[in-house]
Number of protein chains: 2
Amino acid sequence: MTQMLTQTLNTKTMNTRIGGQIAPAHSLTDQFGAITGHVGLLATEFSYRKDEEIYGEDEPAEYVYQVVTGAVRSYKLLSDGRRQIGAFHLPGDAFGLESVPAHRLAAEAIIDTTVRLVKRASLEKAAGTDVQVARKLWAITAGELRHAEDHMLLLGRKTAMERVATFLLEMDRRLAVAGMMALPMCRRDIGDYLGLTLETVSRALSQLHAQGILGFSGARHIVLRNRQRLHNLDS
Amino acid sequence: MTQMLTQTLNTKTMNTRIGGQIAPAHSLTDQFGAITGHVGLLATEFSYRKDEEIYGEDEPAEYVYQVVTGAVRSYKLLSDGRRQIGAFHLPGDAFGLESVPAHRLAAEAIIDTTVRLVKRASLEKAAGTDVQVARKLWAITAGELRHAEDHMLLLGRKTAMERVATFLLEMDRRLAVAGMMALPMCRRDIGDYLGLTLETVSRALSQLHAQGILGFSGARHIVLRNRQRLHNLDS
DNA sequence: CGGTGGATTGATGAGCATCAAACGATGTGG
DNA sequence: CCACATCGTTTGATGCTCATCAATCCACCG
C-alpha cells in the first residue's frame, strides 16, 4: 500500500521550475500573512523534498503551514490503500489549520516544497486576545469548507469529463501564468483528487486535446484554448 | 427539474413521529445553545412543512439555524437537476452558518420541522466582542469541514455497499433510540447523499437484510443487528 | 544515448445506472 | 370501514461508463 503510493523518494529537483512564488500580499490567497503580519508571530521556514510527508492523518496538529514555493496534497486513505485527495495547496495557501488537536488528513509535498509555519498554540493564543485573528482563522476554515462542498458535488454527481473540465478550470484559475499552467502533480494524483483512475484522466485530457480545447507542451504543461467550451463541459 | 425534486407539498404530518426532541444541553450536538445561552441572544422559533425550502443556494445568509424537531437536507444542484446532498441536519444540529454573506448550499425541511434561529448579524456582533463566541463559530464550521472531508472519501473512493454501511452507522450514531433508527428521509435523499441512485441504495439495504445484518419495521425503521459486520463492510 | 518513471492507448469486464414493472404502505373518499 | 388512489420502495432486465489489465510510448535524466 505504502509502496503503491510512494514514488521515488530521494530524487533531485526537476529542472523545469514548476510552481511559482508566493502570491502578492494583496490577495485573498495570502490569508496567512494577514495573521502573522498582524500579530507579529514568528514564522519559520522549512523545506520538504518531493513525496516527503509533512504530517500524517490523526497526528497531533502542532503547526499551521503556508506554502511558499512548491505544492502539497492533503489526503485520506482507506485501509486497502485507496486514496482520496481532498485538496491541493499551492503557493500562498494555508494548510494544516485545525480547530481540534489533530490533523484530519495527511499532507505530503508533491514536489520539492518550502513552507512557512507557526505553532498552532501561538495562533490559538493570539485568537484568544485578538478577535481579528479569530475571525481570520474562521475564514480560512470556512474557505476550505466551501471547496469541500463544491468537491462533494463533483465526486458524487459529475461525469469523468465534467470532473476533468472542472479540474482544469480550477488549476487555470489558481496557477496559470501567461495563459499556461504547469501542473506539479502526476496523473495518479489528479485521479485521486477527482475520484477517477489515472487512465480515465489521461483519456479525458487526450480527448480535450483532440478537440482543440487544450494544448500540451509536455504532459504537465497545458494551455487552455477554449475556456468557454470547458465551462460548458463542466455542466 | 424543480418538478423532479418536489414531492407532495401541503401534506399532513406523518402520524408516526419521526425525529426526536432536541439533544440535551450537555452534548456536543447542542453547539448552538452554548452560544445563544452564553450571550443571551434572542432566538426565535419557526416551522417548515415537509419539502419546504428554508433558504436557496446563493441566497443572502440572514439567519443561522438550529433544528429543534424534524430534519433538514443541505444540497447543491447541477443545471440539469442532478443533486448532491452535503449533509442531513437532525435535532440539535446547527446549520446555515456562513462566514460569508451568502448560503452556499440550499436547505429544505425533509419532514415537518421546527427550527430556532438567530440573526447572523447579531452572532457576528457577539463574536466581535466575545472571543468565546468567535471560537464556537469556528468550531461549528470546523466540524462541518471534518464531515465534508470524510464524505469526500466516501464519494470518491467507496463502493456502493461501503457507502450504505457508512450511512447506516452514521445514522445509528446520530438518531438511534433504543437500538432502532427512524429515518426521516426517502431512498432518493439517501442516494443523493451517497452519490448513488435510489435503486442501488434499496438493493444494498435488501442485501444487508437478507444477510441478517439489519431488520426492518417498514422501509424507514431500521434496527442494526450486527454493527461489527457493518464496520467491516465500511472498509 | 540508453535507462526509468510517467503517460498514453487498447481490450475487456464489472459495477452501477437506467428503464420498467410490481409491490406495499399510507391516507382519502365513497 | 373498506376500496382505491398515490407515493415510495423493491425487484428485475439491460446497457453504459469507467475500472482493470496490459502493452507501448514518450519525456526527462543520468
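Note that this is a predicted model, so its numbers are computed, not measured. Below, chain A is the first sequence line, B the second, and so on; all start at residue 1.
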Engineer: If you define the side chain from C-beta out and look only at heavy atoms, does anything of A/Leu168 sit under 4.5 Å from A/Leu205?
Structural biologist: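 A side-chain contact under 4.5 Å exists here.
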Engineer: Could you tell me the separation between the CG atom of B/Asp192 and the C1' atom of D/dT9, rounded to a whole number of Å?
Structural biologist: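 To the nearest whole Å, that distance equals 16 Å.
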Engineer: Work out which heavy atom in B/Tyr193 is nearest to a heavy atom in B/Gln84; give both atom names and the distance.
Structural biologist: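 So the minimum-distance heavy-atom pair works out to O-NE2, 3.1 Å.
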Engineer: Please state how far atom CG in A/Leu183 lies from atom C1' in D/dA27, giving the value in whole angstrom units.
Structural biologist: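 From A/Leu183 CG to D/dA27 C1': 15 Å.
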Engineer: Could you pull out the closest heavy-atom pair between A/Tyr48 and A/Phe46, with the gap in Å?
Structural biologist: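 Nearest heavy atoms, A/Tyr48 then A/Phe46: CZ-CD2, 3.5 Å.
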Engineer: Is there a side-chain polar atom (N or O) of B/Arg220 under 4.0 Å from OP1 or OP2 of D/dG8?
Structural biologist: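 It does not, given that no N or O in the side chain of B/Arg220 lies less than 4.0 Å from OP1 or OP2 of D/dG8.
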Engineer: May I have the distance from A/Leu198 (atom CG) to C/dT8 (atom P), rounded to whole angstrom?
Structural biologist: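 Value for this atom pair: 9 Å.
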Engineer: Is there a side-chain contact (heavy atoms from CB on, under 4.5 Å) between B/Arg225 and B/Leu214 once you walk through the steps?
Structural biologist: CA-CA 5 Å; B/Arg225 301 206 184 285; B/Leu214 57 81; 5.5 Å; no
Engineer: Could you give me the CA-CA distance, side-chain angles and deciding distance for B/Asp150 and B/Lys158, then say whether salt bridge (charged side-chain N to carboxylate O under 4.0 Å, His left out) is met?
Structural biologist: CA-CA 11 Å; B/Asp150 291 342; B/Lys158 289 188 182 181; over 6 Å; no
Engineer: Can you tell me the distance, in whole Å, between the CZ atom of A/Arg82 and the C1' atom of D/dA19?
Structural biologist: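 Taking CZ of A/Arg82 and C1' of D/dA19, I get 13 Å after rounding.
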Engineer: Salt bridge (charged side-chain N to carboxylate O under 4.0 Å, His left out) for A/Arg174 and A/Asp93? Distances and angles first, verdict last.
Structural biologist: CA-CA 10 Å; A/Arg174 292 177 63 192; A/Asp93 296 343; 2.6 Å; yes
Engineer: Per the end-axis method with five pairs at each terminus, what is the bend angle of the helix from C/dC1-D/dG30 to C/dG30-D/dC1, to 10°?
Structural biologist: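 Inter-axis angle at the ends, rounded: 30°.
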Engineer: Does A/Arg163 or B/Phe216 map to a spot on DNA chain D nearer the 5' end, using the closest nucleotide for each?
Structural biologist: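 The residue whose closest nucleotide sits nearer the 5' end is B/Phe216.
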Engineer: Can you tell me the distance, in whole Å, between the CE atom of A/Met185 and the C1' atom of C/dG5?
Structural biologist: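 My rounded result for the distance is 18 Å.
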Engineer: Take nucleotides 17-24 of chain C nucleotide by nucleotide from the 5' end and write B, S or -, depending on whether a protein heavy atom sits under 4.0 Å from the base, only from the sugar-phosphate, or from neither.
Structural biologist: SBB-----
Engineer: Would you kindly give the CG-to-C1' distance between A/Asp51 and C/dG6, to the nearest whole Å?
Structural biologist: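 After rounding, the gap between these two atoms is 13 Å.
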Engineer: Between C/dT9 and A/Ser202, is there an OP1 or OP2 to side-chain N/O distance shorter than 4.0 Å?
Structural biologist: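 Checking C/dT9 against A/Ser202, no side-chain N or O comes under 4.0 Å of OP1 or OP2.
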Engineer: For B/Arg157 and A/Asp192, work out which heavy atoms get closest and say how close.
Structural biologist: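 Reported closest heavy-atom pair: NH2-OD1, 2.7 Å.
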Engineer: Roughly how many Å is it from CD1 in A/Ile111 to C1' in C/dG5, rounded to a whole number?
Structural biologist: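 Rounded to whole Å, this separation is 17 Å.
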Engineer: Which nucleotide, C/dC16, D/dC18, C/dT8, lies nearest any side-chain atom of A/Ala160?
Structural biologist: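 Out of C/dC16, D/dC18, C/dT8, the nucleotide with an atom closest to A/Ala160's side chain is D/dC18.
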Engineer: Can you tell whether the side chains of B/Arg104 and A/Glu149 come within less than 4.0 Å, N to carboxylate O?
Structural biologist: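 Yes.
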Engineer: Would you mind reading off the distance between A/Arg187 atom CZ and D/dC25 atom P, rounded to a whole angstrom?
Structural biologist: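 Checked: the CZ to P distance equals 19 Å.
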Engineer: Of the options B/Arg116, B/His89, B/Glu45, which is the one that meets B/Gln66 in a side chain to side chain donor-acceptor pair (under 3.5 Å)?
Structural biologist: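 Only match with B/Gln66 under side chain to side chain donor-acceptor pair (under 3.5 Å): B/Arg116.
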